[in-house]
Chemist: 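Starting off with a structure, shown below.
One is the number of the first residue; the rest follow in order along the sequence. Values below: every heavy atom of this structure, side chains too, minus hydrogens, waters and symmetry copies.
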Amino acid sequence: MNYTLRPAPGARDYAAELNPEQHAAVCTEARHALVIAGAGSGKTRTLTYRVARLLDCGVPPWRILLLTFTNKAAREMLERVTQLTGQGSGQIWGGTFHAVANRLLRQHAQRLGYLPGFSILDADDQRALFRALTKQFSGKTTKSDRFPKPEVLMSLHSLAINTGRSWQQTLSDDYDHLERFEETIGKIYAAYATRKMESNAMDFDDLLTNLVRLLREQPDLRADLQQRFLHVLVDEYQDTNTLQAELISLLSGGSATSLMVVGDDAQSIYSWRGANVDHIFDFTHTYPDAEVYKIETNYRSVPAILDISNAAIAQNSRQFVKTLRPARDDGKLKPAIVPAPDNRTEARFVAQRIDELLAGGIPGKDIAVLYRAHFHSMDVQMELTRNHIPFRITSGLRFFEQAHIKDIVAWLRLLTNPRDEVAFRRIVATFPRVGDATATKLWQSWLSTMESWFAAHPGETALTSPHTEVMGKIKAPAAAALHWRGFLSSMDSLHPTDRKLTPTELVKLVQNYMAPYMRSAYDNYEERLEDIGQLTKSLGDMPDLDTFLSQVALLSEVDNDSMSDADCVTLSTIHQAKGLEWKVVFVIFLGEGLFPHYKVISSGDPDDMEEETRLFYVAVTRAEDQLYLSFPRYNGHSYDSQFCPPSRFLTTLPEELFELWNL
């Protein structure tokens, strides 16, 4: 039997196992250290070895605090530490901000008035409580107005906390279309806080706010924790929000505590959910004694892709300047820029090229299609389905499975088939205070009235009389009466007597009717309107509504039996793709106004544009071997098309760095 001894403290040859940049960061004696780890440079390896070295040097594991953004990251790092050191990592305080906060609050929450064993509300619990409070306080809103859904109130509340603003300021800055409800929203938030305390419960935001409050208000506890943690390490520091940054400062403020933060300013892309890139830029001002370490050797991508990456991020004036250097040999292909005549042709190119790559032996799991916004993937989803190429979507549901798209399609289904109960119920469910029971009564009245009309009009296969005339006598609940009349009137507008509307025209009419509902139902309603806008742009060559609905139904049924899920091509927004990598990456819809987004361009804010540049940088650094950058010269068809010049991210690249592929 072989028996393996663990390395003696300090015996591991870190210089042999790490490159010089990683070694310098791992072995630093600086009290405050900022590690700028470029894409693909071994950030996780650096953090893991840092923890291992602290243990090898005799630091008790319970005096090390490792803060991460995901449970997966914490688990992987601690498992690697165990493999490196041969000793268990269970005593290390490692986990997400929320997990560590929960662990500390379990010991000290009584100081804030909580009883032992407080509950944590998950998203469903929050939604149920907000729904009950909305019903209680919004009853006096007018029947024609749409009070925001619980999900919107939850998002507003959380954004305010994570950006360190009052909810009133956040309402004014980010949800100004809901300002008319400010008084009622205030009552709901006040009642929400009271109900949580009465229930001895916290939501996820409370975990951080309550811990920060404890550390601010209880100097003895703050001093105790600062003395307990000799070393505080933070992963993905560029993604910290105001609350997290303060928590880090409070926990690491002891005179003997060292703080190491690891991140990459060039990959800060989450300002929309509260992350503040200033935290990493200002680190050396906050801690004047801080040492800065740069890790620039990239183990992921071939040199040609790194040349594109370096040229892309060079456009930003505010950054920690670094140059990614390849550890790999040259690849066979230069990155390709692919202009397409229109969005449908761009999707055909992506599908055909993926088909060739699969035939050449590259597994589907090694291929990704990335995009700035989810609606950019619609045409690619359709083309991959037509070509029987299995794919998985990490950025959300398949395009036609999304709630707001199904809402739109329900109108069109009911228009062609007035006996479609599922479509009818989906439409009336958007009316205020219409539940299952009310929907059933309305459906029964609708069906009996319609059958009576067909009986009086033998030979007719569709309702040709105005809906307001045939269905106008159906009595809807008082709260939904106005919306019922609007629904009937809108159905009439969808089949005018003088001509037959195109699928594109029909979708636009339904979109106009649904816009008020979407504003109240979704906190990201503008993105959902963009989804619908892309739907209209892609309908130009559909001959009729029946063809379109048949396509939707067939495209919703995807046969993945031919390949395992692990072999599926990945479709993802760039935000969701951060931290991942593939052998082959397609970045699509790289048109000016699409990426960078037209709102960023029109705002004129240089900070917003620099974040867009960082987003492009994140996209291209996901690729290991092959990179394809494409855009449609026109987005849409015929009269609905929109001219789309190439993105500035493409036009500023030196020509020698890429090949131009002409379709």
Side-chain angles (χ1 to χ4, degrees), residues 98 105 109 112-115 118-214 216-217 241-243 272-274 429-435 438 477-483 515-526 528:
H98 292 92
L105 287 170
L112 295 176
Y114 288 89
L115 298 174
F118 64 84
S119 301
I120 298 177
L121 304 179
D122 63 19
D124 287 338
D125 298 329
Q126 281 185 276
R127 193 176 296 108
L129 183 50
F130 269 112
R131 186 176 294 114
L133 294 173
T134 297
K135 187 175 182 180
Q136 177 182 346
F137 289 101
S138 68
K140 294 184 179 180
T141 56
T142 63
K143 297 174 184 177
S144 62
D145 219 345
R146 295 182 185 271
F147 194 78
K149 293 286 184 74
E151 293 81 359
V152 178
L153 298 178
M154 290 165 59
S155 294
L156 193 163
H157 189 263
S158 185
L159 182 61
I161 290 172
N162 290 313
T163 54
R165 294 175 293 170
S166 68
W167 68 263
Q168 294 93 334
Q169 187 62 50
T170 306
L171 179 70
S172 176
D173 291 345
D174 302 288
Y175 294 82
D176 59 326
H177 60 285
L178 300 177
E179 284 188 292
R180 64 189 184 280
F181 300 120
E182 181 173 354
E183 181 179 354
T184 304
I185 291 174
K187 292 178 180 178
I188 291 173
Y189 285 163
Y192 177 62
T194 300
R195 291 278 288 273
K196 284 188 295 182
M197 284 298 298
E198 291 174 347
S199 303
N200 195 37
M202 301 184 196
D203 61 28
F204 281 100
D205 289 326
D206 290 329
L207 294 175
L208 298 189
T209 55
N210 283 333
L211 181 56
V212 167
R213 182 181 155 200
L214 267 177
R216 284 177 187 161
E217 299 175 359
N241 59 38
T242 300
L243 201 58
W272 49 275
R273 68 184 188 193
T430 66
F431 300 170
R433 296 178 175 82
V434 171
T438 302
L482 185 63
H483 295 279
Y517 165 76
M518 293 176 64
R519 289 168 70 94
S520 67
Y522 307 115
D523 64 317
N524 61 341
Y525 78 95
E526 290 183 338
R528 295 176 188 255

Chemist: Looking at D205, is its backbone amide N or carbonyl O close enough to the side chain of T209 to form a donor-acceptor pair, meaning the two atoms are under 3.5 Å apart?
Modeler: yes
Chemist: Working to the nearest 0.5 angstrom, can you tell me the gap between R131 CZ and Q136 CD?
Modeler: 15.0 Å
Chemist: Within this structure, what is the CG-CH2 distance for the pair D174 and W272, rounded to the nearest 0.5 Å?
Modeler: 13.0 Å
Chemist: Can you measure from CZ (F130) to NZ (K149) and round to the nearest 0.5 angstrom?
Modeler: 15.5 Å
Chemist: Grab the two heavy atoms, one from F147 and one from I185, that are nearest each other, plus how far apart they are.
Modeler: CZ-CG1, 4.1 Å
Chemist: Considering all heavy atoms of both residues, which atom of L159 and which atom of G274 are nearest to each other, and what is their separation?
Modeler: CD1-N, 4.3 Å
Chemist: Can you give me the closest heavy-atom contact between R127 and P150, atom names plus distance?
Modeler: O-CB, 3.9 Å
Chemist: Can you measure from CG (L171) to NE2 (H177) and round to the nearest 0.5 angstrom?
Modeler: 9.0 Å
Chemist: Testing W167, Y175, Y192 for ring pair (Phe, Tyr, Trp, His ring centres under 6.0 Å) with H157, which one passes?
Modeler: Y192
Chemist: Taking A190's backbone N and O only, do any of them form a donor-acceptor pair with T194's side chain (distance below 3.5 Å, no angle check)?
Modeler: yes
Chemist: Tell me, do N210 and Y114 make a side-chain contact under 4.5 Å, heavy atoms counted?
Modeler: yes
Chemist: Could you grab the distance from atom NE2 of H98 to atom CG of D203, nearest 0.5 Å is fine?
Modeler: 8.5 Å
Chemist: List the atom of L207, the atom of L105, and the distance in Å for their closest heavy-atom pair.
Modeler: O-CD1, 3.3 Å
Chemist: Which distance, rounded to the nearest 0.5 Å, do you find between the CD of E151 and the CG of L153?
Modeler: 9.0 Å
Chemist: Would you name the heavy atoms of N241 and N162 that are closest together and state the gap between them?
Modeler: CB-O, 3.1 Å
Chemist: Could you report the tightest heavy-atom contact between T134 and P148, atom names first, then the distance?
Modeler: CG2-O, 4.4 Å
